[in-house]
Protein chains: 4
Amino acid sequence: MRLAARHPNIKITALIAKGHAGQMLAQVFPHLSSLDVPSLVTSDEVDWDEVDVAFCGLPHGTAHAEIAKLPSRVKVIDMSADFRLRDLGTYAEWYGGDHGAPELLEGAVYGLTELYRDQIASARLVACPGCYPTAVLLALLPLVKDELILPEDIIIDAKSGVSGAGRSLKQNILFSEAGEGLSPYGIGSHRHVPEIEQELGEAAGQPVIVNFTPHLVPMTRGELCTSYVRLTGKTTVADLRAALTSGYADSPFVRVVEEGVIPATQHVRGSNYCHIGVFADRIPGRGIVVSAIDNLVKGSAGQALQNFNLMHGLDETTALEQLPLFP
Amino acid sequence: MRLAARHPNIKITALIAKGHAGQMLAQVFPHLSSLDVPSLVTSDEVDWDEVDVAFCGLPHGTAHAEIAKLPSRVKVIDMSADFRLRDLGTYAEWYGGDHGAPELLEGAVYGLTELYRDQIASARLVACPGCYPTAVLLALLPLVKDELILPEDIIIDAKSGVSGAGRSLKQNILFSEAGEGLSPYGIGSHRHVPEIEQELGEAAGQPVIVNFTPHLVPMTRGELCTSYVRLTGKTTVADLRAALTSGYADSPFVRVVEEGVIPATQHVRGSNYCHIGVFADRIPGRGIVVSAIDNLVKGSAGQALQNFNLMHGLDETTALEQLPLFP
Amino acid sequence: MRLAARHPNIKITALIAKGHAGQMLAQVFPHLSSLDVPSLVTSDEVDWDEVDVAFCGLPHGTAHAEIAKLPSRVKVIDMSADFRLRDLGTYAEWYGGDHGAPELLEGAVYGLTELYRDQIASARLVACPGCYPTAVLLALLPLVKDELILPEDIIIDAKSGVSGAGRSLKQNILFSEAGEGLSPYGIGSHRHVPEIEQELGEAAGQPVIVNFTPHLVPMTRGELCTSYVRLTGKTTVADLRAALTSGYADSPFVRVVEEGVIPATQHVRGSNYCHIGVFADRIPGRGIVVSAIDNLVKGSAGQALQNFNLMHGLDETTALEQLPLFP
Amino acid sequence: MRLAARHPNIKITALIAKGHAGQMLAQVFPHLSSLDVPSLVTSDEVDWDEVDVAFCGLPHGTAHAEIAKLPSRVKVIDMSADFRLRDLGTYAEWYGGDHGAPELLEGAVYGLTELYRDQIASARLVACPGCYPTAVLLALLPLVKDELILPEDIIIDAKSGVSGAGRSLKQNILFSEAGEGLSPYGIGSHRHVPEIEQELGEAAGQPVIVNFTPHLVPMTRGELCTSYVRLTGKTTVADLRAALTSGYADSPFVRVVEEGVIPATQHVRGSNYCHIGVFADRIPGRGIVVSAIDNLVKGSAGQALQNFNLMHGLDETTALEQLPLFP
């Protein structure tokens with residue numbers, strides 16, 4: 001809403017909510033009280049003739065049913081996980097149930113903007129990546145594709161701010177529990193793993209298993225992935241840097257930072273940027289790739305809007321020009 | 001820089017720095033590395049023919065000397081305290097020295113946008129208010145003017161995030177010192193007091209002494225002032241609310257929140273908004289006015305840009321349309 | 001538990017829980033996993049013959065019923081609000097229902113240790129004050145008693161860390177909601193008001209109405225009250241300081257800080273100390289009293305233990321010797 | 001000071017400071033204002049006949065000179081890095097200069113309590129480990145010793161709170177810079193690397209090179225190391241857990257947490273505990289070891305006091321019984 005409300009080509013015709021239907025947006029999000037938008041309604045109350053594009057932010061496992069009900073002329077930009085995994089068995093295994101709209105899955109495009117621009121531009125249904133996969137894949141996918149790193153020896157130590165857990169009421173994300181503390185969670189079992197492995201596996205041309213260990217960090221926004229990789233053959237760390245730099249030369253939001261500069265989440269806060277840094281490892285033959293995003297922007301709503309722009313032939317940066325908010 | 005770089009009518013022709021002259025902006029502020037701007041220079045290196053407007057963010061007590069050197073055709077928007085106080089004696093008393101450019105002071109306008117629009121529009125030199133005075137005066141000045149509250153019984157309990165102290169190296173603003181802690185500071189002696197008293201005094205038509213007690217809060221951005229006031233005669237809290245609501249009806253950035261809603265700094269974060277709420281006091285005949293701003297936006301750079309817009313006949317909101325960043 | 005488990009005269013014979021009954025303490029509080037204590041049970045499962053003293057930390061409105069069931073030989077130290085208010089009507093008004101054990105209320109003692117030592121020492125049932133009342137009353141009660149300040153013109157601007165809201169699941173205390181933000185709450189309606197007014201009123205010998213405005217601060221522990229008071233007759237701020245200093249000369253946990261020092265919550269964190277500072281107001285005839293505590297220690301469990309010590313003829317500081325944890 | 005002042009066998013006879021000499025401790029650390037201790041002096045002013053043990057917390061590179069001046073009968077517990085590295089060349093390389101007291105180095109003992117108890121007990125000079133090495137070595141040293149993990153493939157992703165940087169004035173540890181942000185630092189060049197490699201190398205019987213990548217986390221206290229290891233031969237993750245559990249059976253402060261429990265810094269905050277968890281990696285043949293400490297306690301002053309206890313035949317836990325402060 002924060003970004004879309006300022007998009008010159010977007011008119012907000014309906015705002016759907018479940019528990020909050022009937023309320024004004026300002027009651028749920030007082031920071032948006034200056035906006036003149038429709039009040040919240042249930043999906044049944046929407047006049048879909050007025051809608052060209054639907055942005056969906058439903059919980060995983062519930063989005064597919066709602067999206068299946070939409071008129072086929074409505075383009076869909078989904079931020080749930082429901083259309084990210086191409087294998088129905090993998091979906092059922094990780095999300096605890098059968099997929100309700102396998103027929104839609106086939107046409108869905110994985111919305112990692114920088115790497116799937118063409119497919120996104122012509123898609124009806126775009127499945128925006130999870131926040132972690134966005135940070136991980138932007139950093140590693142080009143390296144696996146170019147066979148610069150070994151796909152079987154990738155260790156991803158990921159760190160996320162608390163907003164990654166959403167606004168639901170859970171004890172571990174209370175201020176007094178999460179504040180001034182740090183811990184891993186979901187070790188080996190985080191739902192973003194299959195997404196990462198799907199994309200890396202496709203790039204590698206073989207099944208890939210990665211170590212992915214997320215940590216909960218006492219900050220609201222921001223995600224940083226420190227990926228430990230093994231270089232192939234005579235590849236050097238400079239080769240990694242060169243591949244990423246040239247690969248993202250035409251991508252306004254992905255910046256490979258200069259040598260010696262270290263990515264930091266506070267330097268992308270509130271923006272759609274992804275900063276990537278490449279570093280030598282003390283252990284010979286290994287490298288470190290660090291990627292930082294704002295999980296709520298490039299990791300979610302910002303990338304959704306970026307995909308919207310692509311799908312409508314607009315400049316990719318429209319409504320995403322905001323610079324990072326620092327300090 | 002964050003805001004100005006996206007302003008359609010601003011071209012950044014020079015960036016002046018002292019200690020950092022010779023560096024690229026990105027070295028000092030990595031979050032701005034995507035900007036294509038000139039590198040930092042000393043003021044001597046600037047070709048002033050290229051400059052129409054100077055935004056000054058120098059330390060108090062040093063701005064007046066630098067501003068005095070500027071060609072008179074250059075408009076100046078000053079964010080220091082040097083041109084806020086109209087009385088030279090008061091300036092000397094609170095800022096520890098004689099004023100170096102009293103001749104400029106005369107033409108300077110106090111840049112509290114919503115209350116001095118006409119004067120700002122035609123000024124050459126605008127002295128943007130301090131962050132605290134902005135939050136306090138937007139809340140109280142109309143009430144004193146309209147004789148709705150007693151000017152001799154105003155208690156302002158102010159709270160600010162740590163960025164209010166700037167980027168200078170002081171022990172009390174280290175993360176481990178300020179984090180997870182709260183304390184008042186500068187009790188009775190904060191330099192924003194004379195500014196508040198000057199403006200309230202002028203509105204009251206008599207000298208005014210206020211209680212102003214600032215507190216340091218463990219957050220980066222945000223400022224909230226809880227003002228405890230005594231109502232005049234038959235004035236009610238509803239009268240206060242009505243006066244503020246109508247007074248700011250044409251001010252896009254000042255929002256008197258609905259009854260029952262409580263202003264919060266997180267609801268204006270990163271934006272130029274000021275939220276004001278009015279509440280009854282349990283003590284009969286008294287009221288509470290709560291005002292919240294982002295100290296770095298409405299309390300500083302945002303208001304500066306808003307004044308720039310006024311001074312150039314632009315829509316007041318140009319480049320300030322960003323909605324608050326929440327969470 | 002943190003403090004009691006290290007008390008030389010306390011043996012923990014039973015730990016009562018509702019939802020968590022059947023679990024080990026370490027499952028609910030992993031930081032206490034090193035303790036060798038009984039697992040959690042319901043109150044029905046307790047062998048009360050083994051119990052001499054019960055520390056009660058039940059929600060307001062539910063404690064009185066549970067306490068009424070206890071054998072009369074069991075001393076009770078209650079941290080709920082159920083036995084703090086001596087007037088049944090006031091209790092019903094603020095806590096939304098009739099009191100279930102009025103007969104116990106009569107013998108209950110208000111457990112503000114420093115001010116009611118004698119009564120506490122001989123009580124069977126001690127009602128420990130709320131966190132805010134502790135900080136407020138330690139600062140103001142002696143001043144009202146000595147007629148140094150006017151009871152009808154007391155403005156208390158209170159600030160608390162988020163742990164004051166407990167561990168219950170509420171949206172406003174999620175990390176991403178409360179973090180990096182500040183706002184007042186419960187303006188004029190906070191349940192600690194009647195407690196404060198009861199005690200100040202008794203000291204004043206007349207009904208007292210105060211302004212009490214609490215604010216939620218983005219930190220876990222700590223509470224600071226800035227009280228704005230009007231001095232009586234020829235009273236000076238030095239008189240306030242002198243009264244507090246001599247009044248607390250024999251109170252090891254209340255420290256009137258030296259002139260020029262400003263209390264800060266981080267300087268009492270994790271400890272049972274209360275720091276009080278007295279300051280002149282710019283407005284003649286007024287003063288400012290600042291008091292800081294750790295809301296979970298002096299504001300709750302620490303004071304409970306301090307009362308336990310008094311009730312058993314032990315040194316008041318037993319098991320409370322821990323110094324503040326800074327940084 | 002916080003811990004030592006409550007130690008039954010310690011009498012503080014002198015407090016040495018440089019810049020603060022002449023001041024009272026309470027002026028430098030107001031949270032310790034309740035202590036009755038000598039005021040701060042320079043080292044020249046100390047009557048060393050009154051001193052049996054010196055705790056040294058001097059900056060790296062300056063401690064050796066000061067310690068060399070002490071009477072040889074004074075036992076020394078050093079928290080700087082000056083006596084941790086046994087190889088003078090390594091010291092010079094990492095700490096930028098020749099060692100000033102090589103003769104003392106020979107008798108110095110590396111003070112990782114749980115692993116060098118005997119040597120510490122009889123030492124005159126104990127070099128307490130750095131905070132990171134403490135967390136890393138407690139987790140990994142027994143595993144390398146027992147040949148359960150490969151010493152040439154150890155990746156340590158470390159995260160520390162900001163207090164690890166001390167109280168010195170650096171821009172990156174200002175509240176507004178470090179708050180709400182996360183980044184790696186000192187990639188491949190952190191001074192704790194040689195310490196870790198020295199100890200692991202000695203255990204492995206061969207030189208060891210590790211990946212050690214520290215991150216700065218927006219919290220004050222706490223350190224968590226996520227170590228990614230490759231298992232030897234038929235070793236399983238259960239073997240790692242068994243080795244650590246039995247190895248620390250008699251170590252009161254090191255707790256191998258139960259299966260399924262994940263270490264978190266908030267669960268050891270303010271205490272001398274180290275929590276260690278062992279987890280399977282999705283990549284076959286690999287494991288993950290997570291260790292958490294409070295960097296200022298077990299990572300520094302707490303371990304120093306623990307060593308003091310050992311050196312004086314006291315119970316290892318004396319004055320360290322405080323339970324973690326949560327929340």
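By convention in this document, chain letters (A, B, ...) are assigned in the order of the sequence lines, proteins followed by strands, and residues within each chain are numbered from 1.
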Side-chain (A:H60) to main-chain (A:A81) donor-acceptor, under 3.5 angstrom: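 Judged by distance alone, yes, a pair lies under 3.5 Å.
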Positions in residues 173-182 of chain A that reach chain B, provided some heavy atom is under 4.5 Å away: A:F175, A:E180
Check: A:H192 main-chain N/O paired with A:H190 side-chain donor or acceptor under 3.5 Å: yes
Presence of salt bridge, B:K298 and B:E114, under 4.0 angstrom: yes
A:S300 side chain near A:C131 side chain, heavy-atom distance below 4.5 Å: no
Residue-level contacts of residues 16-36 of chain A with chain B, using a heavy-atom cutoff under 4.5 Å: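 Near chain B, by residue number: A:F29, A:P30, A:H31, A:L32, A:S33, A:S34, A:L35.
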Neighbours of chain A found in residues 247-261 of chain B - heavy atoms under 4.5 Å: B:R255
Within-4.5 Å side-chain heavy-atom neighbours: B:Q303 and B:L112: yes
Contact winner vs chain B - A:A264, A:S163, A:P324, A:G161, heavy-atom pairs under 4.5 Å: A:P324
Exam field: side chain B:R269 to backbone B:L325, donor-acceptor pair closer than 3.5 Å: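 Checked: pair present.
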Flag, side chain of B:R221 to backbone of B:N295, donor-acceptor distance under 3.5 Å: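 Side chain of B:R221 to backbone of B:N295: no pair is present.
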Closest contact, heavy atoms only, B:A139 versus B:L244: O-CD2, 3.6 Å
B:Q306 (side chain) donor-acceptor with B:A304 (main chain) under 3.5 angstrom: no
B:Y185 and B:Y132 aromatic ring geometry - parallel, tilted or perpendicular at 30°/60° bounds: tilted
Where B:S271 and B:D294 come nearest, the two heavy atoms and their spacing: O-CB, 3.7 Å
Which residues share a side chain to side chain contact (heavy atoms under 4.5 Å, CB included) with A:A14, sequence neighbours left out: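 Applying side chain to side chain contact (heavy atoms under 4.5 Å, CB included) to A:A14 gives A:V46.
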Whether B:H7 and B:F308 hold their rings parallel, tilted or perpendicular, with breakpoints at 30° and 60°: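 Taking B:F308 first and then B:H7, their aromatic rings stand perpendicular (interplane angle over 60°).
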B:L3 versus chain A, the contacting section by heavy-atom distance below 4.5 Å: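 Nothing of B:L3, per the 4.5 Å heavy-atom cut-off to chain A.
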Residues B:E316 and B:T113: side-chain donor-acceptor under 3.5 angstrom: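 There is no such pair between these side chains.
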